Protein chains: 4
Amino acid sequence: MPKIGMQPIRRQALIDAAIQTIHERGSLEVTVGQIAKRAGVSSALAHHYFGSKDALILSTMRYLLTELTTDLRATLAAARTPRERISKVIRANFTPSQFDPAVVSAWLVFYVRAQSSAEARRLLRVYAGRLHSNLAHALTQITDGRRAHAIAEGAGALIDGLYIRRALKSGSPDPESAIQVVEHFVDAMLAQAQPIREISNGRS
Amino acid sequence: MPKIGMQPIRRQALIDAAIQTIHERGSLEVTVGQIAKRAGVSSALAHHYFGSKDALILSTMRYLLTELTTDLRATLAAARTPRERISKVIRANFTPSQFDPAVVSAWLVFYVRAQSSAEARRLLRVYAGRLHSNLAHALTQITDGRRAHAIAEGAGALIDGLYIRRALKSGSPDPESAIQVVEHFVDAMLAQAQPIREISNGRS
Amino acid sequence: MPKIGMQPIRRQALIDAAIQTIHERGSLEVTVGQIAKRAGVSSALAHHYFGSKDALILSTMRYLLTELTTDLRATLAAARTPRERISKVIRANFTPSQFDPAVVSAWLVFYVRAQSSAEARRLLRVYAGRLHSNLAHALTQITDGRRAHAIAEGAGALIDGLYIRRALKSGSPDPESAIQVVEHFVDAMLAQAQPIREISNGRS
Amino acid sequence: MPKIGMQPIRRQALIDAAIQTIHERGSLEVTVGQIAKRAGVSSALAHHYFGSKDALILSTMRYLLTELTTDLRATLAAARTPRERISKVIRANFTPSQFDPAVVSAWLVFYVRAQSSAEARRLLRVYAGRLHSNLAHALTQITDGRRAHAIAEGAGALIDGLYIRRALKSGSPDPESAIQVVEHFVDAMLAQAQPIREISNGRS
DNA sequence: AATGAATGAGTTTTCATTCAT
DNA sequence: GATGAATGAAAACTCATTCAT
């Protein structure tokens, strides 16, 4: 019963299935067949719509990056102070839709993929760069530039580290605790920088 | 005339080859054949000595973990103060032999492998646990237990994050800069915890 | 509002596209999808009109055979002497529309197809038979029947050989030079047969 | 029961099987699986020894070219006069091992393959060039250079044409009749060139 | 101790073909 | 009349693994 306009529906279904399958299986072991089966279509259709397994994986990466950006924009609008903006940026990385075990697993695969795919590497650099500039921009308004960049760098690595460790843990994720670790890091680094002035923390 | 005592030599050669091959190829794409070729033996021999590809990968993990422990013990002996011990623990993770691009790539593969292999997961938890207890033990002597654990947790995640990001970068690694990031983190967290007392930093 | 009489238009468009596509791609690698795309229609339509890929290829063969016959009839009308008729028959095979690189490639495919398809084999035999009888008929008026058939046989093979070799060459085809080769062959064979009588050559 | 030194045996068996399979099936439709099965091995082994289907096909081409050269050398040694040499060159192309239906089919496939593979094209040009120079060299000693090349060119095309037509016929091949066609062609062309002098024909 | 030989099972990918609209 | 949707079947190719020597 083929209906018209299925393309975007199928594409999204396949991307969702890719994320789920990556999570369940041991990451890179995912086959197009498994993904397609989970999406309820034939593997031939997956190729029809994406052209290749690689393209499907890359589209999945792009989708997650877009989601991250969307999450961030939505939350950033409400921020008043620079410190608040920093908190929003941090929090955006641990949104339920982002810190979902399946999504975290997918990110890990992307990091591995980046070792061999130039395009995957580029996408991850875009992500890292965007995160860095978002944080650094807000930080520059609170502390000096050199320090702002150092903190942004550290926070970025810390977020990645929490992700990778999350992938190892079983049970449901604990975004709040992860957020606290990063917030503490930022607070501590800022406090050390300006030991006297009190910093207003945007967290509720 | 079969040589005696070849087993340990071959095993080590294959483990070394596994690390190098993982680095050169796109990570998980490594085949037993590639590893064996680089080690200068047949793939059949790799199976003879390890039983399976999985066992070879796990042995490689164990080897790197042992190396890390060895590096740590060697450097820890000279530490006088708790803060110095912390610095030594951090530094042990960025030893040239550890922060080598090939080794970093291998770690990434292990994280992926851990998603599907219980034994790999166990090994990574052993590593994380050992790192955590080493740091927490020293930190408990400087700050309160709750805070000590939080800092140890953060430092561990930060180290992992720096590793994963290192894998994305091209060029030679910069261990000193990575060490500084973690040291700053610890310093800042400790400073925030005890704003008055001066902390002795074991770094030269 | 479905258009009326689209069938012949679509069929011809698909046949033309088949010839072009066979030429551009590596011969037999042509897919129905490629042909349909070049014709500006969906592959489903190609099946609608031809029933199968095989039928499309066979229709393309039939079309080229018909063209050859048409070319021949047009030119044959003006022939006065038997020798002139022979020249016209030869020349018909090297008409710009026949010796076009795309058409030559298509013929090659047909020969291959003939290996596995009885119908394709039959069509090629029809072509060979028609060429032979055309030549032999005219030749019989100049030389004895046995020799006439031998010359016709050789000329046919020579024409095929020039086609197959043309497919290997790059650059634009050189019909005149090919025609000369066959004409020389016929002249020489006739001269050997009747060393005394002068042969009138219909070529300009 | 794996024995040592199987590689050359398997390679040759696969090449032989390729020729046979190409003949039986519809040429290009041959799959590695079919060839391997006929050779009594797995398709994986075919890939192991040749690397790819293309490489197997090309090796088969090279083998047939080498055989042709070998056949030629063997027969050429006994030639005394230039005309005899020409006859030997012609005959070498219709040796039972060359004009075998399976081999003829294979050649046709090579011609098709040449359309898309540069290496296959190169090999066929080598063949054509060698045939041409062999013929032209002997012809130059009997007639003028321009004519020698023209005759060599025509003879080459004629041989190819006879091959391609042979592929269409059923039943056992008739090498003698094909040889006669080419010999007549050469005789006739030479006679026309030097209508007076008698040419000694090397044929028995 | 070591390996060349060999393969089964599985992977991506392609394509002719069908069908509901 | 025309097509987007969808797939089954089969292709090339890969690879961990086994085994006789």
Side-chain angles (χ1 to χ4, degrees), chain A residues 1-7 9-10 28-36 40-56, chain B residues 1-7 9-10 29-36 40-57, chain C residues 1-7 9-10 29-36 40-57, chain D residues 1-7 9-10 28-36 40-56:
Chain A
M1 332 103 214
K3 288 167 192 169
I4 226 156
M6 291 302 282
Q7 197 184 21
I9 297 171
R10 292 298 188 206
L28 210 73
E29 319 281 80
V30 282
T31 71
V32 174
Q34 287 159 5
I35 295 172
V41 298
S42 70
S43 71
L45 196 68
H47 278 96
H48 178 60
Y49 280 130
F50 287 95
S52 73
K53 175 181 181 177
D54 241 68
L56 167 54
Chain B
M1 17 191 145
K3 290 169 194 168
I4 267 171
M6 287 306 282
Q7 203 194 28
I9 296 172
R10 293 296 190 205
E29 318 287 75
V30 282
T31 71
V32 174
Q34 287 160 5
I35 294 171
V41 299
S42 72
S43 69
L45 196 67
H47 276 89
H48 179 59
Y49 279 128
F50 288 96
S52 74
K53 176 183 181 176
D54 241 67
L56 167 55
I57 298 291
Chain C
M1 9 184 157
K3 290 169 194 168
I4 267 171
M6 287 305 281
Q7 203 194 27
I9 296 172
R10 293 296 189 206
E29 316 289 74
V30 283
T31 71
V32 174
Q34 287 160 4
I35 294 172
V41 300
S42 71
S43 70
L45 196 68
H47 276 92
H48 179 60
Y49 279 128
F50 288 95
S52 74
K53 177 184 180 176
D54 241 68
L56 168 53
I57 297 290
Chain D
M1 334 103 213
K3 287 168 194 168
I4 227 156
M6 290 304 281
Q7 199 181 16
I9 296 170
R10 293 297 187 207
L28 210 74
E29 320 278 84
V30 283
T31 72
V32 173
Q34 288 159 4
I35 295 171
V41 299
S42 71
S43 72
L45 196 69
H47 278 97
H48 177 60
Y49 281 128
F50 286 96
S52 73
K53 176 183 180 175
D54 241 68
L56 167 54

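Please read all numbers here as calculations on a predicted model, not as lab measurements. Letters A, B, ... are given to chains in the order of the sequence lines, protein chains preceding strands, and every chain is numbered from 1.
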For this session: Classify every nucleotide of nucleotides 10-17 of chain F by which part a protein heavy atom approaches to under 4.0 Å, writing B for the base, S for the sugar-phosphate alone and - for neither, in 5'-to-3' order.
Result: -SSBBBSB
Exercise. What distance separates Arg10(D) CZ from His48(D) NE2, expressed to the nearest 0.5 Å?
Worked result: 11.0 Å
Exercise. Atom CZ of Phe50(B) to atom P of dA2(E): distance rounded to whole Å?
Worked result: 13 Å
Problem set entry | Length of the line joining Leu45(D):CG and dA5(E):C1', which is rounded to integer Å | 7 Å
Problem set entry | Distance (rounded to the nearest 0.5 Å) between Ile57(B) CD1 and Phe50(B) CZ | 10.0 Å
For this session: Please report the shortest heavy-atom distance between Gln34(C) and Val30(C), naming the atom on each side.
Result: OE1-CA, 3.4 Å
Problem set entry | Spacing of Leu56(A) atom CG relative to dT12(E) atom P, expressed in whole Å | 10 Å
For this session: Indicate the atoms forming the closest heavy-atom contact of Lys53(A) with His47(A), along with that distance.
Result: N-NE2, 4.2 Å
Exercise. Which heavy atom in Gly33(D) sits nearest to a heavy atom in Ser43(D), and how many Å separate them?
Worked result: CA-CB, 4.0 Å
Problem set entry | Base-pairing assignment for dG8(E) (Watson-Crick or G-U wobble, both under 3.5 Å) | dC15(F)
Exercise. dG4(E) C1' sits how many Å from Ile9(D) CD1, rounded?
Worked result: 13 Å
Problem set entry | N/O (side chain, Arg10(D)) to phosphate O (OP1/OP2, dA5(E)) under 4.0 Å | no
Exercise. Does dT3(E) have a Watson-Crick or wobble partner in any strand here, with both distances under 3.5 angstrom, and which is it?
Worked result: dA20(F)
Exercise. Can you find a side chain N or O atom of Tyr49(B) that sits less than 4.0 Å from OP1 or OP2 on dA2(E)?
Worked result: yes
